[in-house]
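Structure, as structure tokens:
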Protein chains: 2
Amino acid sequence: MKNKIKILRAEHELTQQQLAEKVDVSRQTINAIEKGKFDPSLPLAFKISKLFNMSIEEIFQNE
Amino acid sequence: MKNKIKILRAEHELTQQQLAEKVDVSRQTINAIEKGKFDPSLPLAFKISKLFNMSIEEIFQNE
DNA sequence: TTTTAATGTAAAGTTTGTTTTACAAATATA
DNA sequence: TATATTTGTAAAACAAACTTTACATTAAAA
């Protein structure tokens with residue numbers, strides 16, 4: 001699953017650490033998701049999409 | 001996290017077993033998600049939302 | 001160029017999602 | 001009512017998400 005977190009993070013001028021804190025996970029989790037090592041849980045996907053004011057589908061693309 | 005799977009399943013006249021097969025998980029997984037025992041993974045949430053032609057946000061409500 | 005901040009990565013451990021097997025309870029059908 | 005189908009649930013095992021610690025690399029700033 002692909003995602004636009006890195007781009008959104010850049011647009012909002014957030015470091016991985018800052019984003020991690022805002023959605024309450026570790027920096028490594030953000031890094032791993034950005035690098036496609038695994039997909040976020042649904043609750044985390046919701047937190048991220050709310051933070052950026054976007055739908056989950058706009059941020060995460062299945063396949 | 002709440003969801004409308006049971007309702008959607010009824011509308012589409014699908015058993016838990018049939019839905020499980022369509023989204024490629026076990027019946028127990030569907031049952032557990034319906035009963036709120038745990039949240040689906042993001043990939044599974046995508047499969048379910050595509051099956052019902054709805055957005056993830058329409059089916060799953062965070063908190 | 002030196003120092004600091006940010007990112008990439010890895011291993012070990014915990015938690016959560018999922019499967020399999022199995023059985024009991026509820027609902028529909030004969 | 002008897003039988004079959006559907007749903008609820010539970011335990012053991014495994015997989016995926018996530019944490020913590022730790023260090024190396026890259027990029028930015030002094």
Side-chain angles (χ1 to χ4, degrees):
Chain A
M1 186 140 56
K2 290 202 65 180
N3 70 74
K4 296 177 176 156
I5 294 179
K6 191 166 186 173
I7 295 164
L8 292 167
R9 205 164 50 71
E11 286 175 356
H12 290 74
E13 298 185 56
L14 291 172
T15 66
Q16 292 182 343
Q17 180 64 50
Q18 288 170 333
L19 172 55
E21 282 166 10
K22 281 180 188 285
V23 296
D24 223 54
V25 293
S26 69
R27 177 181 69 80
Q28 285 76 355
T29 292
I30 297 297
N31 186 280
I33 293 168
E34 277 192 11
K35 303 297 266 180
K37 290 191 183 163
F38 52 72
D39 300 319
S41 67
L42 185 55
L44 178 52
F46 262 101
K47 282 187 185 178
I48 294 171
S49 77
K50 276 173 189 162
L51 179 66
F52 291 126
N53 250 310
M54 295 172 71
S55 70
I56 288 179
E57 287 85 352
E58 284 174 311
I59 301 177
F60 302 92
Q61 295 85 34
N62 203 11
E63 88 211 78
Chain B
M1 185 141 55
K2 291 201 64 181
N3 69 74
K4 296 177 177 157
I5 295 179
K6 190 166 187 173
I7 294 164
L8 291 167
R9 205 165 49 72
E11 287 175 355
H12 289 74
E13 298 185 56
L14 291 172
T15 66
Q16 292 182 342
Q17 180 64 49
Q18 289 170 331
L19 173 54
E21 282 166 10
K22 282 181 188 284
V23 296
D24 223 54
V25 292
S26 70
R27 177 181 69 82
Q28 284 77 355
T29 292
I30 298 297
N31 186 282
I33 293 169
E34 276 190 13
K35 302 299 265 182
K37 292 193 182 160
F38 52 72
D39 301 318
S41 67
L42 185 55
L44 178 52
F46 262 101
K47 282 187 183 178
I48 294 171
S49 78
K50 276 173 187 161
L51 180 66
F52 291 127
N53 250 310
M54 295 172 71
S55 70
I56 288 179
E57 288 86 351
E58 284 173 312
I59 301 177
F60 301 92
Q61 294 85 34
N62 205 10
E63 86 210 79

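All of these numbers come straight from a predicted model, not from anything done at the bench. Basis for what follows: all heavy atoms, side chains included, without hydrogens, waters or symmetry-related copies. A note on names: the letters A, B, ... follow the listed sequences, proteins ahead of strands, and every chain is numbered from 1.
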State, with a plain yes or no, whether a side-chain heavy atom of B/L42 is found less than 4.5 Å away from one of A/L44. no
Please give, in whole Å, the distance from C/dT19 C1' to B/I33 CD1? 13 Å
Please report the distance, rounded to the nearest Å, between CZ in B/F38 and C1' in D/dC18. 17 Å
Spell out yes or no: do the side chain of A/Q28 and the base of C/dT7 have one donor N/O and one acceptor N/O closer than 3.5 Å? no
OP1, OP2 of D/dG8 versus side-chain N and O of B/R27: anything below 4.0 Å? no
Of B/A32 and A/L44, the one whose closest DNA chain D nucleotide lies more 5': B/A32
Write down the distance between CD1 (B/I30) and P (D/dT9), rounded to a whole number of angstrom. 16 Å
Looking across every strand, which nucleic acid part, if any, lies under 4.0 Å from A/S41 by heavy atom: base, sugar-phosphate, or nothing? sugar-phosphate
Test applied, salt bridge (charged side-chain N to carboxylate O under 4.0 Å, His left out); reference residue, B/E34; option that passes from B/R9, B/K2, B/R27: B/R9
Send over the distance from B/I5 CD1 to C/dG17 C1', rounded to a whole Å. 14 Å
Using 0.5 Å steps for rounding, measure from the CD atom of B/E21 to the CD1 atom of B/I30. 10.5 Å
When rounded to whole Å, the CG to C1' distance for the pair B/L14 and D/dT7 reads 15 Å
Can you measure from OG (B/S41) to CD1 (B/I33) and round to the nearest 0.5 angstrom? 7.5 Å
Separation of C/dT18 atom C1' from A/L42 atom CG, nearest Å, is 15 Å
N/O (side chain, A/K35) to phosphate O (OP1/OP2, C/dA10) under 4.0 Å: no
Could you check whether A/S26 gets within reach of a base, just the sugar-phosphate, or nothing at all, counting any heavy atom under 4.0 Å? base
Mind calculating the distance between CZ (A/R9) and P (D/dA27) to the nearest angstrom? 14 Å
For a quick test of reading the model: is some side-chain N or O of A/Q16 closer than 4.0 Å to OP1 or OP2 of C/dA5? no
Please state whether the phosphate of C/dT7, meaning OP1 or OP2, lies under 4.0 angstrom from any side-chain nitrogen or oxygen of A/K37. no
Candidate nucleotides D/dA17, C/dG17, C/dT7, ranked by approach to the side chain of A/D39 - the nearest: D/dA17
Among D/dC18, D/dT7, C/dG8, the one nearest A/V25 by side-chain distance: D/dC18
B/K4 side, atom NZ; B/E58 side, atom CD - distance, nearest 0.5 Å: 7.5 Å
Report which part of the nucleic acid B/T15 touches: base, sugar-phosphate, or nothing (heavy-atom distance under 4.0 Å, all strands). sugar-phosphate
Looking at B/N31, I'd like to know whether one of its side-chain N or O atoms comes within less than 4.0 Å of OP1 or OP2 on D/dG8. yes
Gap between atoms CD and P, on A/E34 and D/dT26 respectively (whole Å): 18 Å
